[in-house]
Structure formats: C-alpha cells, structure tokens
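Take a look at the structure below.
In what follows, chains are A, B, ... by sequence order, proteins preceding strands, each numbered from 1. Computed over heavy atoms, backbone and side chain alike; hydrogens, waters and symmetry mates excluded.
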Protein chains: 2
Amino acid sequence: MSTVNILIADDHPIFLKGLKEVVEAGHHLQVIYQAANGQDAIQGVATKLVDVVILDIDMPVKNGLQAAVEILQLKPEMPVILLTMHKAKDAFLKALDIGVMGYVLKENAVVDVMYAIEAVLRGHSYISPEMTSFLLAQKRSRQPVMDNVTTLLTSSEIKILKMVGEYKSTKEIADELYISEKTVSNHRMNITKKLQLTGKNSLLRFAIEWKQ
Amino acid sequence: MSTVNILIADDHPIFLKGLKEVVEAGHHLQVIYQAANGQDAIQGVATKLVDVVILDIDMPVKNGLQAAVEILQLKPEMPVILLTMHKAKDAFLKALDIGVMGYVLKENAVVDVMYAIEAVLRGHSYISPEMTSFLLAQKRSRQPVMDNVTTLLTSSEIKILKMVGEYKSTKEIADELYISEKTVSNHRMNITKKLQLTGKNSLLRFAIEWKQ
DNA sequence: TGGAATATAGGTAGTACTGCCCATCTGCGG
DNA sequence: CCGCAGATGGGCAGTACTACCTATATTCCA
C-alpha cells in the first residue's frame, strides 16, 4: 500500500500539531501540507499532490465550508473531511449540500478522524454519529401530525390525499378510481376543511409534506 | 445511577448470548429479557419494565422492523435500537420513518452497541457511521441536475424558481420583488420552456424536488 | 328504526397557473 | 453600431383547483 498524502488545515497551531500526530499515527498516512486558513488550503490542493483534505470549519480568511466548495470545484473527486467543534445544524446541512465526504466533531477527533480517513479512502463517507441525531429527530417530529391525519380522515380521503401527493390531478384520480371528478373534488374539499387548509395548492403542499 | 433494564432479541442463540455479554460489560446495564423473535420481543415489552430495546432485524415470526412499529405504538417513548447485518438502504429508510433511536451494523456491534445504548439513554440517537454514506450519496447524486439548471437558467429565473419551491404564488413573488405579476408569469413560462416541463403544477413540482 | 357519517354526483363562481402572442428597455459583445 | 439576451410589462384563451351550494344512496351505530 502506497503512502497517502494528506492536507490538514486549522488556524490554531497547537491543534494543527496535534492533528498531524494523530493522522501520522496511521502508518501509511503522511501530512504533506499544513494550512493555517481556507485560502492557504486551496493553494495547497492546487499545487501539491493531495489524496485527502481535512479542514477545520472555523478559520479566518476563508472558512472550511467556503474552502471545501472551491476545492471541490477544482477537483470534484477530492475526499474532503470537515472538522468542527459545534454540532450546528446549519453548517452540517451546508456540508451535505457541498458534497464533502466526512464530517467529524473535534470532541471525538482522535478516534473519528482515523475512521473518517479510512472510510473516504475506501470511497465511503463518514459522519460523527452524534451528528445523525437530528436527522432522526426530523423524521420523528412529523409523527403526531400523521396520527391526527389518519384519525381525522376517512380511508377514501386518505387514499385521495396520497394520490394528490403524487402530483395527480383531480381528473387523473377520478379516472383511476372510476369515480366522478366531482366526487374527487368534494373529497379534496372535505380534506382541506378537516385540516383547516386554505388557498391555492394548499392541499398539494400538505400532501407532499405529509408523505406517510 | 440506577440499573438500566434492557431487552434483547435475536433468533440465533449464540449471537444472543454474545450480545448479552457485550451489553452487561456495561456496569449498570442488565439484560432482563431475551427474545428469540419479534413477537416474543413485543410480549417482553408489554410485560416487563424495559428501559431500552435492542432488536435484530432478521428474525422469524415477526421481523425487527414490524416489532419496532408495534413496540412504539405500545410505548412511543421507548428507545429502540435495531441491529442488522446488511447495509440495505430500504430497511434503513424504513427504520428512520418508524422512528427508532439507533441503527447498528452487526459488524461493528461490539463497539457500536455500547455507543448506541449510551446515546439513547442520554436522549440522543445513534447510527453506525457506515450507514450515513448513502445519505451523503443522495445529496451528491442530484448535483449534476442542479448544475444543468444553474447553467440553463438566468439568475432572475433561479431566484423565482426558489420562491416557487417555497410555495409562493405568482402574486406573492411579484410583491416581494417589486415587479409585475406579468413579469413573474413570463419568467415562470421561460423556466418551464427551458426545462421542458408541461402541465399544471409542473413547475411547482420541479421546484420542490429541486431544492438547491 | 332513525339519525349520523360517508361516498357518490351535480351546479356555479372565483382565482391562479399555463401557453402563446406582443412590446419596450438595458447592457454586452462582435 | 447593430444584434442578441435578458428583464420588464401587457393581452387573452384555456384549464384546474378552491369554495360554497344541493341531493341521493349506503352503511353503521345507538
């Protein structure tokens, strides 16, 4: 197995030094570039042969998210691992959108950074388990609403609500169920009344977000 | 700290025995019920004072997912941890929908089960890091479409597309941007033409699914 | 058995988006 | 300087959903 060249970036010299030691505890891993800010890291990626990039999010000049965006524009296949101290949801979602391969909390850094490097080298991604909590939380939060719906609405209404959520028109639903468009229309109105929805596309909106 | 009562379920006696030992290595953790299938596990939850439930997914009579559904109907606040051998995406997504608190791969069981129990006792959730890969993959896969859109559309059109995706009406968009409804309408039409969308709500549908 | 809930279907009016036409103004590049 | 793309605006016909009526048949529960 050949040596893996790693770029690390953090504005705190002491943390950077510690990170370097943690990384190089992996026998075939070598830190070939140490950047003190995001701009510096981009330079490093552009000029050196880098296999994996590890960026702290909180950095001056250019933060880790901005740097990640530009690095992935430069080299879309580059595995980028982000480090952060806080579990901020915004930054995490942004990181997902950017398309980074790893997201590691500093509190778990010693163990998780090694896991993350191994994962991205195998083509997988890695997220500190603590960060996944809110993904579950999102799913869970809609549960009570769903229960209200299933108790409030009749089975026919639920059937139609589902089809609305599949972007089917009143006519399409009527054809599919062999009933009049008028009947479907009435069901729609009864649903909107029961759920106290108003306005154009309000039912469609609810149906989409419901997605039982 | 008082003792935590744990229910474990797996149809393989040997694995069950091993799991019990792993769990009880935690000093204040105690296995009070060992089930051999899903139905058995539900019985255990109904009759014993259980603090945490750990279910294998692949079980006869009733699998772990079905059992989790019924257990959470019985006791919605019960922390449920699922164990599985495979990284199947379907089962994982279903687990998210059901609202379990943990999802652990058997290959990492010894370490991850302990992490998961600690996490759910603190009210957090825990997912084996390997399972998060495809969450990232999903985000990443939509990138090319996004790029098409951003190159095809002008900045004004993108701005309006975003607002459409927020369920704003033509009038609301017009008011917010201080332009005529007609202008917004024309932009909408230009977008649908460029993206070759047809039919009612086609633009809304695309805008929602796009979600840059 | 009588009433409530539900599914069925029709009428009518208003509103909003689509789809196609048009014109004007601005800025940018050949 | 001319042409083109883009942003701005308007008109008009068609279609679809909303919102409010009414009415009948069926089913189920008190």
Side-chain angles (χ1 to χ4, degrees), chain A residues 73 142 144-212, chain B residues 144-212:
Chain A
Q73 278 172 357
R142 218 166 46 241
V145 183
M146 189 203 84
D147 287 343
N148 282 343
V149 171
T150 51
T151 54
L152 263 173
L153 301 184
T154 68
S155 60
S156 301
E157 287 165 350
I158 289 175
K159 188 162 55 184
I160 285 173
L161 182 59
K162 278 184 186 171
M163 295 173 79
V164 171
E166 291 161 3
Y167 297 94
K168 285 173 179 156
S169 70
T170 297
K171 175 157 176 34
E172 285 170 332
I173 297 173
D175 289 347
E176 198 165 319
L177 298 180
Y178 301 106
I179 55 179
S180 157
E181 290 183 44
K182 230 22 236 182
T183 305
V184 177
S185 171
N186 284 329
H187 280 307
R188 293 182 74 129
M189 219 188 62
N190 288 331
I191 298 170
T192 55
K193 270 186 182 168
K194 285 184 181 176
L195 301 177
Q196 295 174 306
L197 305 171
T198 57
K200 208 79 173 176
N201 286 330
S202 56
L203 182 59
L204 177 63
R205 173 178 189 162
F206 180 84
I208 293 170
E209 286 173 357
W210 182 53
K211 290 280 182 190
Q212 190 180 23
Chain B
V145 183
M146 190 203 83
D147 287 344
N148 282 342
V149 171
T150 50
T151 54
L152 263 172
L153 302 184
T154 67
S155 60
S156 302
E157 287 165 351
I158 290 175
K159 189 163 53 185
I160 285 174
L161 182 61
K162 279 184 186 172
M163 295 174 78
V164 171
E166 292 161 2
Y167 297 94
K168 285 174 180 156
S169 71
T170 296
K171 174 156 177 34
E172 285 170 332
I173 297 173
D175 289 348
E176 197 164 320
L177 299 180
Y178 300 105
I179 56 179
S180 158
E181 291 182 43
K182 237 7 244 185
T183 305
V184 178
S185 172
N186 284 329
H187 279 307
R188 291 181 76 129
M189 219 189 61
N190 288 331
I191 298 171
T192 57
K193 271 187 181 167
K194 285 184 182 175
L195 301 177
Q196 295 173 307
L197 304 172
T198 57
K200 209 80 173 177
N201 287 329
S202 56
L203 182 60
L204 178 61
R205 174 178 189 162
F206 179 84
I208 292 169
E209 285 172 357
W210 182 54
K211 290 279 183 192
Q212 189 179 24

Please tabulate the protein-to-nucleotide N/O contacts below 3.5 Å involving nucleotides 21-27 of chain D, giving atom names and distances.
none

For atom CD of A:Glu181 and atom P of C:dA7, their distance in whole Å: 19 Å
Of D:dG6, C:dA7, D:dT8, the nucleotide closest to the side chain of A:Ser155 is C:dA7
Hey, is the side chain of B:Thr154 poking within less than 4.0 Å of OP1 or OP2 on D:dA7, counting only N and O atoms? yes
Nearest 0.5 Å please: distance from the CG atom of B:Leu204 over to the NZ atom of B:Lys168. 13.0 Å
So how far is it from A:Ile208 CD1 to B:Tyr167 OH, rounded to the nearest 0.5 Å? 4.0 Å
Any side-chain N or O of B:Ser180 below 4.0 angstrom from OP1/OP2 of D:dG10? yes
If the cut-off is 4.0 Å, is A:Thr170 near the phosphate of D:dC17, judged by side-chain N/O to OP1 or OP2? yes
To the nearest 10°, give me the bend of the helix from C:dT1-D:dA30 to C:dG30-D:dC1, comparing the axes of its five terminal pairs at either end. 30°
What nucleotide, of C:dA7, D:dG9, D:dC17, holds the atom closest to the side chain of A:Glu157? C:dA7
Hey, does the side chain of B:Glu172 reach the backbone of B:Ser169 with a donor-acceptor pair shorter than 3.5 angstrom? yes
Candidates D:dA19, D:dC12, D:dC17 - which lies nearest the side chain of A:Ser169: D:dC17
Can you find an N or O donor on one side and an acceptor on the other, under 3.5 Å apart, linking the side chain of A:Lys159 with the base of C:dT6? no
Report which part of the nucleic acid B:Ser202 touches: base, sugar-phosphate, or nothing (heavy-atom distance under 4.0 Å, all strands). nothing
Do the side-chain N or O atoms of B:His187 get closer than 4.0 angstrom to the phosphate oxygens (OP1, OP2) of D:dG6? no
Step through the shown structure and confirm whether more than 12 heavy atoms of other residues, nucleotides or ligands are within 6.0 Å of NZ on A:Lys194. yes
Could you state the CZ-P distance from B:Arg188 to D:dG6, rounded to the nearest angstrom? 20 Å
Could you tell me the separation between the CE atom of B:Met163 and the P atom of C:dC17, rounded to a whole number of Å? 13 Å
When B:Asn201 and B:Thr183 are each assigned the nearest nucleotide of DNA chain D, the 5'-most assignment goes to B:Thr183
Residues A:Leu177 and A:Ile160: closest non-hydrogen pair is CD1-CG1, 4.1 Å
Output the distance between atom NE2 (B:His187) and atom CD1 (B:Ile158), rounded to the nearest 0.5 Å. 12.0 Å
How would you label the contact of B:Leu203 with the nucleic acid (heavy atoms, under 4.0 Å): base, sugar-phosphate, or nothing? sugar-phosphate
Report the C-alpha separation of B:Glu157 and B:Arg188 in whole Å, then their side-chain angles, then the decisive distance to 0.1 Å, and conclude whether the salt bridge (charged side-chain N to carboxylate O under 4.0 Å, His left out) test is met. CA-CA 7 Å; B:Glu157 287 165 351; B:Arg188 291 181 76 129; over 6 Å; no
Taking only N and O in the side chain of B:Ser156, is any of them less than 4.0 Å away from OP1 or OP2 of D:dG6? no
Quick one: CG on B:Leu161 to OG on B:Ser156, what's the gap to the nearest 0.5 Å? 12.0 Å
Output for pair (B:Asn190 CG, B:Thr154 OG1), nearest 0.5 Å, gives 8.0 Å
Of the non-hydrogen atoms in A:Thr170 and A:Glu181, which two are nearest, and what is the gap between them? CG2-O, 3.5 Å
What is the distance, to the nearest angstrom, from the CG atom on B:Asn190 to the P atom on D:dG9? 14 Å
